[in-house]
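Every chain is numbered from 1, with letters handed out A, B, ... down the list of sequences.
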Amino acid sequence: MDITFSDSDQAFRTEVRQFFAESYTDDLKQRLGSSATFSEAIIDWQKVLYQQGWIAPDWPAEYGGTGWSSAKKFIYETERAQAGVPDVLPFGLKMVGPVIYNFGTDEQKTKFLPAILNSDHWWCQGYSEPGAGSDLASLSTRAERDGDHYVVNGAKVWTSYAQYADWIFCLVRTSSDGKPQQGISFLLIDMTLPGISINPIIGIDNRHTLNEVVFDNVRVPVDGLIGEENKGWTYAKSLLAHERNAIAGVGDIKNGLSAIHEHAEKTMSAGQPLTRDPAFRARFSQIQIDVMALEYSELRTVAKSISGQGPGPESSLLKIRGTELQQRVQELMLYVAGNFAGAQTSDSIGNDFADRARVEYMYGRAATVYGGSNEIQKNIIAKAILGLG
Amino acid sequence: MDITFSDSDQAFRTEVRQFFAESYTDDLKQRLGSSATFSEAIIDWQKVLYQQGWIAPDWPAEYGGTGWSSAKKFIYETERAQAGVPDVLPFGLKMVGPVIYNFGTDEQKTKFLPAILNSDHWWCQGYSEPGAGSDLASLSTRAERDGDHYVVNGAKVWTSYAQYADWIFCLVRTSSDGKPQQGISFLLIDMTLPGISINPIIGIDNRHTLNEVVFDNVRVPVDGLIGEENKGWTYAKSLLAHERNAIAGVGDIKNGLSAIHEHAEKTMSAGQPLTRDPAFRARFSQIQIDVMALEYSELRTVAKSISGQGPGPESSLLKIRGTELQQRVQELMLYVAGNFAGAQTSDSIGNDFADRARVEYMYGRAATVYGGSNEIQKNIIAKAILGLG
Amino acid sequence: MNFDYSEEQTLIKDSVAKYLQNNYDFDTRKKIAASELGYSNEHWQQFAELGWLAIPFAEHLGGFGGNAIDDAIVMEELGKGLALEPYLACVIMFGGLLANGPDASRHEQDIAAIIDGSLQGAVAFTETQSRYELADVKTTASLSNGQYILNGEKVVVANGQAADKLIISARTAGEQSDTTGITLFYVDANAAGVSKTDYPMMDGHRVANITLTDVAVDSENIVGEVHHGYDNLARAIDRAIIATAAEALGIMEKLLHTTVAYTQTRKQFGVAIGSFQALQHRMVDMFINVEQTRSLLLRSACSNVAAHQASDPNTCEELLKQSKQDTLALKVMVAQVGKLVGDEALQMHGGIGMTDELDVGHYVKRLLRINTMFGDEDYSMQAFAKGSLG
Amino acid sequence: MNFDYSEEQTLIKDSVAKYLQNNYDFDTRKKIAASELGYSNEHWQQFAELGWLAIPFAEHLGGFGGNAIDDAIVMEELGKGLALEPYLACVIMFGGLLANGPDASRHEQDIAAIIDGSLQGAVAFTETQSRYELADVKTTASLSNGQYILNGEKVVVANGQAADKLIISARTAGEQSDTTGITLFYVDANAAGVSKTDYPMMDGHRVANITLTDVAVDSENIVGEVHHGYDNLARAIDRAIIATAAEALGIMEKLLHTTVAYTQTRKQFGVAIGSFQALQHRMVDMFINVEQTRSLLLRSACSNVAAHQASDPNTCEELLKQSKQDTLALKVMVAQVGKLVGDEALQMHGGIGMTDELDVGHYVKRLLRINTMFGDEDYSMQAFAKGSLG
C-alpha cells in the first residue's frame with residue numbers, strides 16, 4: 001500500500017498550481033460568473049488551456065492529448081477544482097471528441113478534432129428526447145436515408161447551450177427492427193442547416209442553459225455518420241461510462257464547504273458566529289466526513305486505473321454519492337443564507353452569498369437526474385456488483 | 001373541529017387513573033419485570049382486571065366486554081400506557097377471542113370465552129411457519145380429515161409463550177385447490193394433545209419468548225374448527241386488521257422518553273448532564289416531535305372510529321411510524337447507557353439502566369417485522385391509498 | 001372529539017379552492033409574479049369581496065371571528081393554488097398585531113381598511129444580523145420632544161414593497177438581544193426618512209429592505225406597550241408559523257398527488273415508473289410524512305385556539321407554553337417534510353421537473369422559502385429542545 | 001499510488017481468514033462466549049504460534065514491525081470471523097502502550113510474554129462518570145513514602161477479567177478533567193487492594209469493573225512520564241479506533257454478503273425477496289456505505305502511519321492532527337454505517353434474524369458495542385467539529 005505520488009508527480013502538481021494561479025485571472029473568473037459573459041469567457045479560457053497544451057488530458061497524444069498518466073490526470077483535476085477553476089465544456093472535448101477519434105473516419109478526424117481542441121466549434125449533445133429520460137434506447141427521432149443525405153425529424157431535449165452551438169451530435173433512429181438499442185445511429189449535424197429550430201428551456205434556477213432542439217426535415221450529409229449505421233448505441237455507451245466516472249466532484253464539494261465555512265464565520269446566530277451553532281457544526285462535519293471518504297473512494301478508482309484496470313460499475317458509486325454530497329453542500333449554503341435564502345438579486349440587499357446559494361441549489365437539483373439518474377445507477381450496482389436479478 | 005372529550009369521558013379518565021394507581025402495585029410491577037415471575041404475574045394482573053370488569057374493552061358487552069365508546073377505549077389505553085402498565089396478553093383477549101365470538105359456534109363460545117376472560121386459558125398463535133413470513137397464504141401445515149378428527153402435521157414458528165400455553169389457534173391447510181388463500185382453515189388445538197412438541201427459540205435479547213411448535217400426527221377433534229372449512233383466511237384477515245390498528249404504541253414511546261430523560265439527567269458527559277449535550281437534545285427532540293405528530297395521527301383514527309368509520313389502510317401508517325419510533329427510543333436508550341450499553345447484567349455494575357436498554361433494543365427489533373412487516377405495510381399504502389399498481 | 005370542519009369552515013375552504021381553480025392558473029400566476037407589485041391587486045379586491053380578508057378579525061371589528069384553525073383552512077388552499085397575494089403578511093401578521101393587542105379599538109379604521117382591501121401593511125422585524133432571533137434588534141427609537149426618532153434597517157420584509165403602513169420593531173431600552181425594551185411602532189410607509197429597496201424572492205413573492213433614517217413617530221403610534229412589544233410579536237409569529245405550515249401542507253399534498261399521478265403516466269423501459277417498488281416505497285414515505293404534518297398542524301392549531309380561549313390566567317399560561325412547543329415542533333416538521341417532499345417530487349419528475357415551465361419547481365421553491373421564514377429547522381429544533389429539556 | 005497489500009500482508013490476511021474458517025465456526029464461538037474466560041486460551045496460543053501476536057511490535061522487541069494498516073488487516077478478518085480473543089485489548093492497546101512509549105525497553109520481557117501468549121493485559125481508563133472523556137479521571141494516585149497509593153474504580157475494562165497486568169490511568173495532579181496530571185500506572189492484577197467484578201457484554205466479550213483500594217505501586221511502575229499519560233493514552237486509543245473500525249468493516253461486509261445471499265434464496269409471494277427493487281436499492285445503500293467506510297479506513301490507517309513515520313517534529317505534529325481528524329471521521333462513519341447495516345441485515349432477514357441461533361444478530365451486537373467503545377457517534381462528531389471548525 002502506497003498512497004504517495006512520485007516525485008515527478010509532485011513536481012507536476014507544483015507546475016499545475018502555478019499555472020492556474022497565473023493564468024486564471026480575476027477578470028476571467030468574474031466574466032465566467034455572469035451569464036451575460038459566460039459563453040465568451042469560457043472560450044477565452046479554453047483557448048488559454050489550448051495554448052498551454054492542456055486542453056485535452058484524456059485524449060491520446062497522437063490526437064493532441066497530453067499523454068499524462070492516470071496519476072497526473074487526477075492531480076490536474078484536483079488542482080483545478082481546488083483553484084476554483086471551472087471544468088471545460090464537456091460536449092466537444094469529453095463527449096464527441098473521444099467518439100470521433102475512436103470510431104470516426106480519417107476525414108471526420110481531420111475536420112473536427114482540431115476545431116474541438118482550439119474551441120472553434122461549440123458542440124452540444126442530442127441524446128434525450130421528450131418522453132425518454134434515462135431510457136435512451138426508446139428514442140424516436142428518425143433519420144431516413146435519401147441519397148447522400150439523412151432526412152432527420154424529431155426533437156431532442158435538455159440540450160445544454162444549444163443556443164451557442166455550431167454542431168450537435170445526435171442519437172437517431174435509422175431502423176425499427178430488432179431490440180430498441182439496435183437501429184440507432186450516431187450522427188453529427190451542423191446546427192446551421194435549414195429546418196433546425198431551438199426552443200429555450202428556462203430552468204428552475206431561472207437561467208437559460210437548456211433547450212429543445214427540433215428537427216424538421218433536416219437534410220444531413222451522410223458523411224456525418226459515425227461508424228456503421230445502426231451501431232450508434234455501442235458508440236454512445238462507451239461515452240456514457242466515461243461521463244459517469246468524471247462526476248464525483250470532490251474538489252467542487254470541498255470548494256463549496258470552504259465558501260460555507262467562510263460565510264458562516266461572518267453570519268451571526270444567537271449572538272455568535274454560525275460556526276459555533278451545534279446544528280450547523282453537525283451538518284457541516286457530516287458532509288466533510290462523507291467527502292473525506294468519497295475522496296478516497298475516488299483515489300481507489302484512480303489507483304485501479306493506474307494499475308491498468310478500467311473503471312467498472314463502482315463508478316456508479318462515485319456518481320451517486322458525489323451528486324448527493326453536491327446537493328447537500330448546496331442545501332447547507334441555502335441554510336446559511338438564512339432570511340436571505342432565495343433572494344433573486346445580489347445587489348444592495350446586504351447578502352451577496354444568497355444569490356449564488358439559490359442558483360447553485362436550483363441548478364444542482366439536476367445532478368441526481370442527468371448522466372443516468374441515481375436510480376439507474378442503483379440498478380446497475382444491484383445487478384453488476386451485488387448480483388441481484 | 002372539537003378535540004375535547006365529553007365530561008363523562010373526563011370523569012372516566014379520573015376513574016381509570018385512580019384504578020391503576022391503586023391496583024397496579026409495586027409488587028406486580030416488579031414481578032412482571034423479571035422473566036422468572038412474568039408468566040404468573042401477568043395472569044395475576046389480568047385477574048385483577050377481570051374483577052374490575054375491564055379485561056376486554058373491545059369485546060361486545062354481551063360476551064363480557066365493557067361496552068365502552070371508542071373515546072373511552074382510547075382514554076383507557078392512554079392511561080394504561082401512561083401508568084406504565086403492560087398490556088394484557090393479546091393471544092386470547094385480542095386475537096382468538098374476537099374470532100370465536102364473531103365466527104364460532106355457540107358451543108365454542110361457551111367453552112372458550114369465559115376461560116379467556118378470566119385468564120384460565122393461556123392461548124398462543126400458530127400462523128407463521130418456517131419459510132413463510134409475511135406471506136401467510138403460503139403456509140403448509142396440513143390438517144387432513146379423518147372421521148371426527150383432523151390429523152395435523154407441520155410446524156409453526158415465532159410462537160410467543162407457547163411454553164405456557166394451554167391452547168393454540170392455528171391456520172392449517174385443508175385443501176390445495178385454488179389460490180393459496182383458499183384451502184386454509186382456522187383450527188383451535190389443545191396443547192396437551194399427543195404429538196405436539198415445543199422447541200424453544202432464544203431471541204437476540206437472550207430471552208426465551210418464542211418457540212417452534214411441531215405437530216406430528218396430532219389428532220384434533222373437528223369441533224375445534226372455526227366456521228367453515230377452507231374459509232380460515234377470511235377469519236384471520238379480520239383479525240390482522242385489528243392487530244395492525246393497535247400497534248402505534250404512543251404511550252409506550254412517551255414512557256420510554258421519560259425514562260431516557262430521567263437517566264440522561266443523571267448521566268454526565270463532558271462535565272455536564274447529558275441533557276445539555278446538543279446532539280442528545282436533537283435526537284431526543286426529534287423523537288418527541290415525531291411522536292407528537294403520531295399521537296394526533298392516532299387521534300384522527302380514533303375520531304374516525306367514533307364517527308363510525310372503521311380503521312382503513314391508514315392503520316398501516318400507525319404501524320410503520322409507531323414501530324420506527326419505538327425502535328428509535330430503544331436506540332437512544334442504548335446511546336444513553338454509554339460504555340455500559342450491552343452489559344448483560346444489572347447487578348453491581350453501577351448502571352441498572354443498561355440491561356433494560358439492551359433487552360428492549362434487541363427485543364424491539366422484531367417490531368418492524370411482525371404483524372405484517374413494514375415493507376408489506378408500505379405495499380398496502382402504495383396500492384390502497386396511493387393507487388399505485 | 002372530531003376533526004371535521006364546521007359547515008362554515010367547509011364553505012370557506014371550498015370558496016378559496018374554487019376561486020383559485022377558476023381564476024389562478026399557473027400561467028396567470030407567472031404573469032402576476034413578474035409584475036412590479038409581485039401580486040395582483042385585482043385578485044386582492046376579489047379576496048376582499050369574498051370576505052376572506054375579514055376571517056381572522058373579531059366580530060366587533062367587522063370580522064368573522066376566526067382563529068388559527070380558520071387561518072389554516074384558508075392558507076392550505078392558498079398553498080395548493082400557490083397564490084402570491086399577501087394574506088399572511090397583511091391579514092394574519094399585520095392585521096393580527098393591530099387587532100389582537102389591548103389597543104385594538106384604536107385601529108378600528110385601519111382594520112376595516114384591511115378587510116375591504118384598501119390598506120396594505122407589513123411587519124418589519126428582521127435585521128441583517130438578527131437571523132431568526134426576534135429579540136435581536138439594533139434599530140433604535142429614541143424619545144425626543146415627545147416623538148420617537150427611529151434609525152436602522154429592516155430586511156426581507158414580506159409585503160414591504162406594497163405596504164402603506166408598517167409595524168416596526170425597534171429598541172427603546174435594553175441591550176441588543178434583550179426581550180424587554182423592544183417597542184412596536186406604527187409607521188406610515190411614506191413618512192420622511194423611510195426608504196425601500198424591493199426585490200423578488202425565488203418563490204415569486206416580493207420583499208423589501210427598509211432603511212429608517214431619523215424617522216419621527218408620534219408617541220401614540222405604538223402597537224401595544226412601550227418596551228413590551230416582544231411578547232405581542234412572538235405571539236403573532238406563532239400564529240404566522242401555523243398559517244405558513246398550513247400553506248406548506250397544501251403544497252406538499254399537491255406535490256404528492258402530482259408526483260403519484262406523474263409516475264403513473266411516465267414510462268421508462270416500457271412501463272410506468274410508478275410501478276417500480278423502490279419509487280412506490282419512497283412515495284409512501286412522502287405520504288406518511290405529509291399525514292404526520294397534517295396531524296401536527298391540527299395539534300398546533302387546536303392548542304393555539306385552546307390557549308387563547310382560556311380565561312384563567314394560570315391555565316392560559318400553561319396552555320400557551322404547550323402551544324408554543326406544538327408550534328415549534330410543527331415548524332421543524334414542516335422544514336423536514338418540505339425538504340423531503342420537494343426533493344422527491346423533483347427527482348421523480350426527472351428532467352421536466354427542472355424546468356421553469358412546470359409548476360413543480362415553483363411549489364418546491366415556496367416550500368424552501370417557508371423553511372427560512374420565522375426560523376429554520378435547526379433554530380426551531382433548538383428552541384423546542386429548550387422548551388422540553390430546559 | 002496503490003492500495004494493494006504487500007505479499008507479506010496478503011499472507012497475514014489469508015492466514016487469519018483461513019484459520020478462523022477452519023477452526024472458529026459459529027457453534028465453537030458460542031461455546032467460547034459461554035465460558036468463564038469469555039475467550040479461548042487454546043486459540044490464543046495458536047494465534048501466538050501463528051505469529052499474529054507479534055505483528056504490531058517493533059522488530060527489536062521481537063515483533064514484526066507492523067503499523068496501523070497491519071492491525072487493520074488482522075482486525076478485519078477477526079471481525080469477519082467474530083473472534084472473541086482479546087487481540088485489541090491485549091496486543092494493540094495494552095501491548096501498544098508498553099511498546100510505543102520512550103521506556104519500551106523496560107518492558108521487553110513483558111512484551112515478549114504478550115508475543116508468546118503467556119501474558120494477558122488490559123488498559124483500565126473508563127470510569128462510571130467519565131463516559132468517553134479520557135481526561136475525566138477521578139481515580140487518585142498519591143505519593144507516600146516513594147510509593148503511589150491508588151484509589152478509585154475503573155469500569156467496563158475490556159479483558160479485565162483475564163488480565164495479569166493492568167495499565168491504569170490515575171490522577172496525580174490537576175482537576176477532574178484536566179489533561180495534564182494523569183499518569184499511567186503499571187499494576188499487577190493480583191496486587192493487594194485490586195478487586196474485580198466481571199460480566200459479559202451482549203457481544204459475547206467479557207469485561208470487568210475494577211476497584212482499587214489503597215493499591216501501592218512502586219514509583220518506577222509508570223508507563224511513560226508522571227502527569228503526562230494523557231497523550232500516550234489518546235494515541236493508543238486512536239490506533240485502537242482504527243483497529244475496531246477494521247473489525248467493524250469485516251463485520252459489515254459479512255452482513256452485506258449474508259443479506260444479499262439470503263434475499264436471493266428467501267422466497268415470499270413466490271419470488272426471491274432479493275428481486276424486489278425496494279430491497280435492492282436498500283442493499284445498494286448498504287454497499288455504498290460499506291465501500292465508503294473502507295475508503296475512510298484506508299485514509300485513517302495511511303495517515304496514522306504517515307504521522308508516525310515523520311521525522312521532522314513540525315511535520316509530525318501537523319500529520320498527527322490530520323490523522324486525529326481522519327480517525328474521528330472514521331469513528332463517526334463506523335457508528336452510522338454499522339447502525340444502518342445492522343438494522344437492514346436484521347430487517348431483511350425477518351424473523352430468523354431475531355434468533356440467537358443465527359449469526360446475524362451476533363454480528364449486529366458486536367457492531368453496536370463497537371459504537372460505544374472509545375466514544376460514540378455524537379461524541380466523535382463533536383470532537384471532529386472541534387478539529388475542523390475550532
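Both the backbone and the side chain of D:Thr355 come within less than 4.5 Å of a heavy atom in chain B. Heavy-atom distances place no part of D:Met373 under 4.5 Å from chain B, backbone and side chain included. Only the side chain of D:Leu279 comes within contact range of chain B, with at least one heavy atom under 4.5 Å from a heavy atom of that chain. Interface residue B:Tyr361: only side-chain heavy atoms are found under 4.5 Å from chain D. For a residue to count as touching a neighbouring chain, one of its non-hydrogen atoms must lie under 4.5 Å from one of that chain's; by this rule D:Glu133 touches chain B with the side chain only. Only the side chain of B:Ile201 comes within less than 4.5 Å of a heavy atom in chain D; its backbone stays farther off. In this structure, the portion of D:Asn371 lying under 4.5 Å from any heavy atom of chain B is its side chain and not its backbone. Contact of D:Gln176 with chain B is not made at all, since no heavy-atom distance falls under 4.5 Å. In this structure, the portion of D:Arg282 lying under 4.5 Å from any heavy atom of chain B is its side chain and not its backbone.
Side-chain contact of B:Thr159 with B:Gln125: a donor-acceptor pair under 3.5 Å is absent, judged by distance alone.
Most heavy-atom pairs under 4.5 Å with chain B: of the set D:Val155, D:Leu368, D:Leu346, this distinction falls to D:Leu368. Contact count against chain B (heavy-atom pairs under 4.5 Å) is highest for D:Gly351 among D:Gly350, D:Gly375, D:Gly351, D:Gly361. Counting heavy-atom pairs closer than 4.5 Å to chain B, the top-ranked of the candidates D:Gln347, D:Lys339, D:Met381 is D:Gln347. Annotation: maximal heavy-atom pairing with chain D below 4.5 Å, among B:Asn206, B:Leu210, B:Val336, occurs at B:Val336. The most heavy-atom pairs under 4.5 Å with chain B, out of D:Phe374, D:Phe276, D:Tyr379, D:Tyr132, come from D:Tyr132. Of all the listed residues (B:Gln327, B:Met268, B:Arg358, B:Glu331), the one sharing the greatest number of non-hydrogen pairs under 4.5 Å with chain D is B:Glu331.
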Practice task
Kindly determine whether D:Val207 and D:Gln161 satisfy side chain to side chain contact (heavy atoms under 4.5 Å, CB included), including the steps that lead there.
Solution key: CA-CA 6 Å; D:Val207 298; D:Gln161 85 292 356; 5.6 Å; no

Exercise for the section: Check the pair B:Glu212, B:Ile198 against side chain to side chain contact (heavy atoms under 4.5 Å, CB included), reporting the backbone distance first and the verdict last. Expected result: CA-CA 6 Å; B:Glu212 184 185 32; B:Ile198 298 173; over 6 Å; no

Exercise for the section: May I have the step-by-step check of side chain to side chain contact (heavy atoms under 4.5 Å, CB included) for D:Thr372 and B:Leu334, ending in yes or no? Expected result: CA-CA 9 Å; D:Thr372 62; B:Leu334 216 55; 5.9 Å; no

Exercise for the section: Take D:His205 and D:Arg366 through the test side chain to side chain contact (heavy atoms under 4.5 Å, CB included) and record every step on the way to the result. Expected result: CA-CA 9 Å; D:His205 290 246; D:Arg366 180 63 184 158; 3.6 Å; yes

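Judged by a 6.0 Å distance limit and a 45° cone about the ring axis, D:Arg206 is not positioned over the six-membered ring of D:Tyr39.
Only one option out of B:Phe353, B:Phe340, B:Phe284, B:Phe280 pairs with B:His263 in a ring pair (Phe, Tyr, Trp, His ring centres under 6.0 Å); it is B:Phe353.
For the pair D:Asp136 and D:Arg131, the salt-bridge criterion is not met [side-chain N within less than 4.0 Å of a carboxylate O].
For D:His362 and D:Phe26, the ring centers are positioned less than 6.0 Å apart.
Heavy-atom contacts from other residues, nucleotides or ligands closer than 6.0 Å to NZ of D:Lys30 number more than 12.
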